[in-house]
Trainee: 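One structure follows; several queries about it will come next.
Letters A, B, ... are given to chains in the order of the sequence lines, protein chains preceding strands, and every chain is numbered from 1.
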There are 2 protein chains.
Amino acid sequence: MTDADETTSGVLGRRPMRADARRNYEKLLAAAREAFAAAGMGASLEDIARRAEVGIGTLYRHFPTRQDLFEAVYVDEVEVLCRAADEVAELPPWEALAAWLRRFVGYTATKRAIAEALNHRSAVFASGWKLVSAAGEPLLRRAQESGEARPDASFDDVIRLVGGVTMYPFADPAQLERVLTMALDGVRVRPSR
Amino acid sequence: MTDADETTSGVLGRRPMRADARRNYEKLLAAAREAFAAAGMGASLEDIARRAEVGIGTLYRHFPTRQDLFEAVYVDEVEVLCRAADEVAELPPWEALAAWLRRFVGYTATKRAIAEALNHRSAVFASGWKLVSAAGEPLLRRAQESGEARPDASFDDVIRLVGGVTMYPFADPAQLERVLTMALDGVRVRPSR
DNA sequence: TTGCAAGCGGAGGCGTGCCTCCATATAGTG
DNA sequence: CACTATATGGAGGCACGCCTCCGCTTGCAA
């Protein structure tokens with residue numbers, strides 16, 4: 001709300017959080033990650049508080065709205081996803097894209113956020129998407145320039161294809177692998193004929 | 001549940017529904033179809049009754065449980081889907097499969113049912129899936145035998161790929177088309193190399 | 001050790017959805 | 001037209017999730 005946001009660590013020299021507060025903050029984040037992954041954006045906040053073993057009041061102290069909590073989980077994932085883009089940078093073009101997309105499927109909140117961003121306008125969702133795009137789009141472009149990814153696919157298309165597929169719960173990991181392979185093949189250019 | 005099911009029309013000679021009852025039954029079904037498509041299996045029943053312009057009591061008279069209502073919508077879709085399989089039967093193998101899958105993406109309840117069937121065991125879901133499989137699998141097999149669909153894909157794999165992609169809301173129909181094309185290309189065999 | 005700002009937790013008020021029950025209304029029959 | 005089996009609808013009890021508020025606890029600086 002105000003510009004005096006104290007949720008960041010002491011890095012900025014602002015008054016740092018008390019030790020117990022920071023501990024609870026982390027516990028809430030972890031519980032929220034699980035709950036959102038399992039039940040979507042509508043997960044019960046009281047349930048999250050219970051899982052984190054803190055009172056409901058503490059949850060609200062740290063995250064005044066559901067959106068705040070979800071966004072906190074989301075920005076965490078965005079950061080990891082951006083770092084992952086660097087890590088695959090040295091692979092050959094297609095392998096780099098494929099490896100990154102395979103990571104992407106694990107980040108549930110990110111996928112949900114993309115789905116919900118259409119309805120719930122949110123500055124955080126928008127800037128998160130900008131960051132993910134900035135990280136992933138060059139990988140796609142590189143694969144397109146090397147002639148391996150189909151040139152008519154936008155980054156957004158690819159994310160929807162790969163992300164959508166993996167929204168279903170998969171009981172059998174082998175099946176997930178098969179389906180994911182098909183999806184990636186859909187992104188690849190069809191060699192000659 | 002019991003064998004004395006009165007929800008069917010008078011075809012079987014059983015005591016037919018009163019005219020007003022049948023009218024309300026249809027209105028509820030239509031409202032439920034919309035609501036489930038928009039909000040998923042968890043749509044509010046009171047909201048469905050409101051949309052159908054009937055009292056909540058009437059909803060419960062016709063559909064004692066949420067599951068009953070959802071299943072009614074679902075079996076409707078399953079029937080249409082099965083008929084659709086016949087309609088495409090004369091097309092060449094690949095075109096038949098593709099055409100049928102393109103229809104499939106419109107049947108929201110069916111897709112949701114597949115997703116939820118893993119959790120909510122239900123005889124109706126199971127038998128519905130059997131029917132859809134019986135209708136769609138031959139199309140896949142035919143496309144595989146003609147060498148156009150990849151031989152290692154199961155029917156279940158294909159449904160998850162195509163169905164999953166289209167679980168996202170798409171604002172732009174052209175994008176849906178692009179992504180769907182990619183998904184279908186993932187199902188096709190990669191020609192030579 | 002002490003003082004107190006920072007933090008905690010959960011009771012409680014509110015809203016909403018679920019489902020039951022039954023007084024009332026009406027379609028269809030003779 | 002009159003009668004009754006069939007159907008209607010919504011009030012009300014219950015459960016649960018949201019969020020606020022405030023008396024109690026605790027980390028930590030001096």
Trainee: Starting at atom CD of B:Gln67, determine the distance to atom P of C:dC18, rounded to an integer number of angstrom.
Mentor: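 So the CD-P distance, B:Gln67 to C:dC18, works out to 14 Å.
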
Trainee: Could you walk me through whether A:Glu77 and A:Arg33 satisfy the salt bridge (Lys or Arg N to Asp or Glu O under 4.0 Å) test, starting with their C-alpha distance in whole Å, then the side-chain angles of each, then the deciding distance to 0.1 Å, before giving a yes or no?
Mentor: CA-CA 10 Å; A:Glu77 289 193 1; A:Arg33 187 153 26 233; 5.8 Å; no

Trainee: Please give, in whole Å, the distance from C:dG9 C1' to A:Glu46 CD?
Mentor: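 For the pair A:Glu46 CD and C:dG9 C1', the rounded distance is 12 Å.
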
Trainee: If you assign each of A:Thr58 and B:Leu45 to its closest nucleotide in DNA chain C, which residue comes earlier from the 5' end?
Mentor: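 Its nearest nucleotide lies further toward 5', so the answer is A:Thr58.
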
Trainee: Does C:dT26 have OP1 or OP2 under 4.0 Å away from a side-chain N or O of B:Arg18?
Mentor: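 No.
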
Trainee: Between atom CD1 in A:Ile56 and atom C1' in C:dC8, what is the gap in whole Å?
Mentor: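 Spelled out: CD1 on A:Ile56 to C1' on C:dC8 is 13 Å.
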
Trainee: If you take all heavy atoms of A:Leu28 and A:Ile48, which pair is closest and at what distance?
Mentor: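 Taking every non-hydrogen atom into account, O-CG2, 4.2 Å.
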
Trainee: Give a yes or no on whether the backbone of A:Ala43 and the side-chain of A:Arg66 come within a donor-acceptor separation of less than 3.5 Å.
Mentor: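 Judged by distance alone, yes, a pair lies under 3.5 Å.
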
Trainee: If you walk 5' to 3' along DNA chain D, what is the first nucleotide with an atom under 4.0 Å of a heavy atom in chain B, and what is the last?
Mentor: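 Here the contact window of chain B covers D:dA5 to D:dA11.
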
Trainee: What do you reckon, is CD of A:Glu53 surrounded by more than 12 foreign heavy atoms closer than 6.0 Å?
Mentor: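 No - once you tally the heavy atoms of other residues, nucleotides and ligands closer than 6.0 Å, there are 12 at most.
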
Trainee: Please state how far atom NE2 in B:His62 lies from atom P in C:dC19, giving the value in whole angstrom units.
Mentor: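 Distance, rounded to whole Å: 17 Å.
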
Trainee: Can you tell me the distance, in whole Å, between the CZ atom of B:Arg66 and the C1' atom of C:dG17?
Mentor: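 One finds 9 Å between C1' of C:dG17 and CZ of B:Arg66, rounded.
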
Trainee: Given atom CG of B:Asp47 and atom C1' of C:dC19, what is their separation to the nearest angstrom?
Mentor: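 Distance, rounded to whole Å: 16 Å.
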
Trainee: Using heavy atoms to find the nearest nucleotide of DNA chain D for A:Ser44 and A:Gly57 separately, return the residue whose nucleotide is more 5′.
Mentor: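 Its nucleotide being nearer the 5' end, the pick is A:Ser44.
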
Trainee: B:Arg160 side chain to B:Phe155 main-chain N or O, any donor-acceptor pair under 3.5 Å?
Mentor: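 No, the answer is negative, given that no donor and acceptor are paired below the 3.5 Å cut-off.
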
Trainee: Judged by each residue's nearest nucleotide on DNA chain C, which is more toward the 5′ side, B:Tyr60 or B:Asp20?
Mentor: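 Closest to the 5' end, via its nearest nucleotide, is B:Tyr60.
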
Trainee: Could you state the atom-to-atom distance from CG of B:Asn24 to P of C:dT26 in whole Å?
Mentor: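 Checked: the CG to P distance equals 12 Å.
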
Trainee: For B:Phe36, is the NZ or CZ atom of B:Arg112 found under 6.0 angstrom from the centre of its six-membered ring and inside 45 degrees of the ring axis?
Mentor: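 Judged by the rule (NZ or CZ under 6.0 Å from the ring centre, within 45° of its axis), B:Arg112 is not positioned above B:Phe36.
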
Trainee: If you group Ile, Leu, Val, Met, Phe, Trp and Tyr by side-chain heavy-atom gaps below 4.5 Å, do B:Val189 and B:Leu140 land in one group?
Mentor: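 B:Val189 and B:Leu140: separate clusters.
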
